[in-house]
> 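This structure is in structure tokens; I'll ask about it shortly.
Indexing begins at 1, ligand by ligand and atom by atom, following the structure's order.
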Amino acid sequence: MERGTWNVERQLVVCDDLEALGRRAADLFVTLCGEAVTSQGRFSVALSGGETPKALHSQLHSESYRSRVPWSKVFVFWGDDRYVPHDHPDSNYGMARATLLDQVPIPAQNLFPVPTERKDAASAAARYQQTVKGFFDLSEGEQPRFDLMVMGMGEDGHTASLFPDTAALKSSSRVVVANYVQKLDADRITFTFSAINQAAFVVFLISGGSKALALKEVLEGSYQPDRLPSQFVQPKGGKLLFLVDRDAAARLTPRE
Ligand code: 6PG
């Protein structure tokens with residue numbers, strides 16, 4: 001484990017390529033799922049959007065992994081979603097259904113998509129927050145403790161829908177917020193860092209040379225989370241793993 005510029009320990013694992021990253025992430029998923037089901041009878045996971053998680057999804061529904069997951073005990077949330085209908089091409093829920101959830105025997109009632117059918121992003125966020133609080137039986141001010149949070153990172157250092165210099169970066173008391181992203185001219189719904197940092201395990205899946213500079217700045221640069229929001233991810237009492245491929249790691253200082 002290496003200590004970063006933050007006050008949490010974090011681990012970095014560099015995989016040869018995206019497929020190897022997907023396999024490593026699937027191994028982690030199976031391990032954490034088994035531990036959670038043994039200790040608490042269920043496994044709660046928040047999935048991420050974008051392209052990289054598809055490498056995990058394709059492994060998880062493959063013959064090598066699907067039978068190793070007790071799908072009826074897996075409960076799926078989304079760390080963020082776009083404020084679009086579930087059948088919209090940009091929907092993170094729609095992507096996860098197409099690339100994983102429709103291919104495995106997970107009960108429909110185990111899926112908790114962001115309710116983007118609500119009249120606006122703020123009410124979708126408020127409703128989702130109630131859903132999360134109900135699932136974890138949270139009292140006022142408490143944050144959910146997901147067994148696993150899968151995160152991605154953009155070239156600008158954003159994660160989930162927590163983009164640089166956006167209002168959501170400062171939301172500390174809430175679990176879920178709406179976040180208008182100026183540069184995308186898009187409304188998003190996202191977990192806050194307060195919720196993310198309550199997770200038992202947070203794994204970043206980061207692939208491709210386009211992320212190399214941001215990854216170097218996030219891991220090795222000065223602590224400036226408003227500009228590099230991924231630096232806000234510091235799970236208290238949880239584990240933090242950066243699972244990256246060689247291209248994304250290309251600018252990191254070589255380790256002895
Ligand atoms: C989203 C994600 C977002 C994503 C990063 C990286 O809704 O798009 O939550 O934070 O993880 O943008 O995306 P890629 O994996 O496609 O590079």
> So which bit of Asn92 gets within less than 4.0 Å of ligand 1, heavy atoms only: side chain, backbone, both or neither?
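Near ligand 1, Asn92 shows its side chain, while the N, CA, C and O stay back.
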> Hey, could you give me the OG/CG distance between Ser39 and Asp147, rounded to the nearest 0.5 Å?
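That separation rounds to 7.0 Å.
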> Only counting residues at least two apart or in another chain, list the ones meeting side-chain hydrogen bond (donor to acceptor under 3.5 Å, both in side chains) with Ser62.
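For Ser62 there are no side-chain hydrogen bond (donor to acceptor under 3.5 Å, both in side chains) partners, ignoring immediate neighbours.
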> Would you tell me which option among Arg82, Met95, Glu155, His158 has the nearest heavy-atom contact to atom 5 (C) of ligand 1?
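Looking at heavy atoms only, His158 sits closest to atom 5 (C) of ligand 1.
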> Please compare Met153, Lys54, Met151 and report which has the shortest non-hydrogen distance to atom 6 (C) of ligand 1.
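Nearest option to atom 6 (C) of ligand 1, by heavy atoms: Met153.
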> Compute whether any side-chain donor of one residue and acceptor of the other, for Gln59 and Ser64, lie under 3.5 angstrom apart.
no
> Between Ser161 and Asp80, do the side chains contain a donor N or O and an acceptor N or O under 3.5 Å apart?
yes
> What residue and atom, counting heavy atoms only, is the protein's closest point to atom 15 (O) of ligand 1, and at what distance?
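Ranking protein heavy atoms by distance from atom 15 (O) of ligand 1, first comes Thr52 OG1, 2.6 Å.
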> Where's the contact between Ala160 and ligand 1, heavy-atom distance under 4.0 Å: side chain, backbone, both or neither?
backbone
> Out of all atoms in ligand 1, which are within 4.0 Å of some heavy atom of Gly152? Include the element for each.
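So the atoms of ligand 1 that pass are 11 (O).
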> Using a strict 4.0 Å threshold on nitrogen-to-oxygen distance, state whether Glu217 and Arg227 make a salt bridge.
yes
> Establish, for the pair Arg42 and Phe136, whether the NZ or CZ atom is under 6.0 angstrom from the six-membered ring centre and no further than 45 degrees off its axis.
yes
> Any side-chain donor paired with an acceptor under 3.5 Å for Tyr83 and Asp120?
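Absent: no donor and acceptor within the cut-off.
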> So which protein heavy atom does atom 16 (O) of ligand 1 come closest to, and at what separation?
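For atom 16 (O) of ligand 1, the nearest protein heavy atom is Glu51 N, 2.7 Å.
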> Are any of the N/O atoms on Ser161, whether in the backbone or the side chain, positioned under 3.5 angstrom from an N/O atom of ligand 1?
no
> Could you find the nearest protein heavy atom to atom 13 (O) of ligand 1 and give me its residue, atom name and distance?
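The closest heavy atom on the protein side is Gly50 CA, 4.0 Å.
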> So if I count the atoms of ligand 1 from 1 in the order they appear, which ones are less than 4.0 Å from some heavy atom of Lys211?
6 (C), 14 (P), 17 (O)
> Do Asp16 and Arg24 sit within salt-bridge range, that is, some charged N less than 4.0 Å from a carboxylate O?
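So Asp16 does not pair with Arg24 through a salt bridge.
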> Against heavy atoms of Arg188, which atoms of ligand 1 measure under 4.0 Å?
1 (C), 7 (O)
> Which atoms from ligand 1 have a heavy atom of Asp80 less than 4.0 Å away?
1 (C), 2 (C), 7 (O), 9 (O)
